[in-house]
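In what follows, a single structure is set out as C-alpha cells and then discussed.
What you see below is based on every heavy atom in this structure, not just the backbone, and it leaves out hydrogens, waters and symmetry mates.
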Amino acid sequence: MTNLTISQANQTGISGLVSSAESGEEITLSRHGRPVASVVATHELEELKRDSESLRDVALVMARMATDSGVRTDLDQAMDHFGISRTELEDEIDAGLHDL
C-alpha cells in the first residue's frame, strides 16, 4: 500500500494513480496526516461491495437465528393484540387504507 499526500498525488497525476491502481497497488491519499481517500482498481471495489452485501446478509440471518424463539403469531392473534376485529380490518382494506 502506498500513502501519498494530496500534493504528492497531484504531482503523480491522475494517469499515474490510475496506472498504479490498475496494477493492483492500493493508494491512500492523506490530507494533514489523515487518510481521506483511496485509489483502487474497479474490480477491487466491486469485490468489496459484494463482500459487504454478503456480510450484511449473514448478519441478518445470524440476528434472526439468535432472536427467534420459535413462537409464531397468526393474524387472529395479532388482531386481538391490537384490538381490531376481522370486520374492521376488511373495512379498512375495502376503504383503501392498506396496500396489499
Are Leu17 and Val36 connected in a single hydrophobic cluster, I mean Ile/Leu/Val/Met/Phe/Trp/Tyr linked by side-chain heavy atoms less than 4.5 Å apart? yes
Hey, are the side chains of Glu22 and Thr42 touching, using non-hydrogen atoms and a 4.5 Å cut-off? no
What salt bridge (charged side-chain N to carboxylate O under 4.0 Å, His left out) pairs are there with at least one residue in residues 49-60, not counting sequence neighbours? none
Please round to the nearest 0.5 Å and tell me the distance separating atom CG of Leu48 and atom NE2 of His43. 10.0 Å
Atom of Gln8, atom of Asn3 and distance for their closest heavy-atom approach: OE1-O, 4.2 Å
Decide whether Ile93 and Met79 are clustered together by the hydrophobic rule: side chain heavy atoms of Ile, Leu, Val, Met, Phe, Trp, Tyr closer than 4.5 Å, transitively. yes
Take Glu26 and Val39 through the side-chain contact (heavy atoms from CB on, under 4.5 Å) test and state the conclusion after the steps. CA-CA 6 Å; Glu26 193 173 310; Val39 181; over 6 Å; no
Check for me, please, whether Val61 and Leu55 land in the same ILVMFWY cluster - side-chain distances under 4.5 Å, paths through other members count. no
Sorted by chain and residue number, the side chain to side chain contact (heavy atoms under 4.5 Å, CB included) partners of Ala37 (sequence neighbours excluded) come out as Leu29
Determine, using the 4.5 Å side-chain heavy-atom cutoff (strictly less than), whether Ile27 and Val18 are members of one ILVMFWY cluster. no
Would you please test Leu4 and Thr2 for side-chain contact (heavy atoms from CB on, under 4.5 Å) and show each step? CA-CA 6 Å; Leu4 298 174; Thr2 301; 4.0 Å; yes
Minimum heavy-atom separation for Ala21 to Ala41, with atom names? O-CB, 3.4 Å
Please report the C-alpha distance between His98 and Asp94 in whole Å, then the side-chain angles of each, then the deciding distance to 0.1 Å, and finally whether the side-chain contact (heavy atoms from CB on, under 4.5 Å) criterion is met. CA-CA 8 Å; His98 303 287; Asp94 291 341; over 6 Å; no
Has Ser30 got a side-chain atom pairing as donor or acceptor with Gly33's backbone, closer than 3.5 angstrom? no
Keeping to residues at least two apart or across chains, list the salt bridge (charged side-chain N to carboxylate O under 4.0 Å, His left out) pairs with something in residues 73-89. Asp76-Arg86
